[in-house]
Amino acid sequence: RLADAAMDKSVYITQKLKEQPDKFTMVNEPMATNICFWYTPPAFRNAQYSDEHKAAVHKLIFERMQEQGTCLIQHNPLPEYNLPNFF
């Protein structure tokens with residue numbers, strides 16, 4: 001039951017992210033409960049959002065969430081695939 005609930009939540013979150021393409025970009029299709037995405041802040045929604053910007057923005061967001069204790073997630077780059085940090 002717990003695994004089914006986790007999978008249901010993964011599907012739900014993926015759906016919500018895809019409904020907001022101006023704010024979120026899926027890195028790939030989810031693998032089980034792993035959902036990988038980039039967040040696009042308002043300042044970049046109608047501007048160039050380079051890999052360097054993504055890495056800096058996501059690092060800042062991650063640090064703030066860690067300090068505030070608001071969320072426990074991971075962010076990683078995948079240099080072997082030439083991808084900057086993503087959530």
Side-chain angles (χ1 to χ4, degrees):
R1 290 190 314 206
L2 291 176
D4 289 338
M7 290 300 293
D8 290 344
K9 289 174 186 167
S10 175
V11 169
Y12 174 79
I13 292 168
T14 299
Q15 176 185 348
K16 292 299 179 188
L17 293 173
K18 287 182 174 182
E19 288 174 359
Q20 303 177 75
D22 59 321
K23 296 178 185 176
F24 303 100
T25 303
M26 299 296 296
V27 174
N28 59 7
E29 286 301 310
M31 293 178 258
T33 58
N34 294 319
I35 304 166
C36 303
F37 63 92
W38 286 299
Y39 169 69
T40 305
F44 291 103
R45 292 196 184 142
N46 293 313
Q48 178 67 26
Y49 193 36
S50 69
D51 288 349
E52 291 80 21
H53 289 126
K54 290 175 187 172
V57 166
H58 291 173
K59 183 176 188 278
L60 180 64
I61 291 170
F62 186 77
E63 287 172 354
R64 287 182 182 173
M65 288 190 307
Q66 274 189 313
E67 288 172 6
Q68 297 171 359
T70 56
C71 191
L72 178 61
I73 61 172
Q74 187 171 352
H75 75 129
N76 287 312
L78 289 176
E80 61 271 21
Y81 296 104
N82 200 30
L83 293 173
N85 285 341
F86 57 88
F87 294 101

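Note: hydrogens, waters and symmetry copies are ignored here, and every other heavy atom, side chains too, is used.
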Met26 to Ile35 - nearest heavy-atom pair and separation: CE-CG2, 3.9 Å
Closest non-hydrogen atom pair, Thr40 against Thr25: OG1-OG1, 4.4 Å
Where at least one partner belongs to residues 4-33, residue pairs that pass ring-ring contact (aromatic ring centres under 6.0 Å, His included), sequence neighbours excluded: Phe24-Phe37, Phe24-Tyr39
Residue Asn46 excluded, over 12 heavy atoms near CG under 6.0 Å: no
With Thr33 via side-chain contact (heavy atoms from CB on, under 4.5 Å) - residues at least two apart: Ala6, Met7, Ser10
Joint hydrophobic cluster, Tyr49 plus Leu60, side-chain heavy atoms closer than 4.5 Å: no
NZ on Lys59 to CZ on Arg64, rounded to 0.5 Å: 12.0 Å
Nearest heavy-atom neighbours spanning Pro21 and Lys18: CD-O, 3.6 Å
Residue pair Ser50 / Gln48, side-chain donor-acceptor N/O under 3.5 Å: no
Inter-residue atom distance Thr14.OG1 - Glu19.CD, 0.5 Å rounding: 11.0 Å
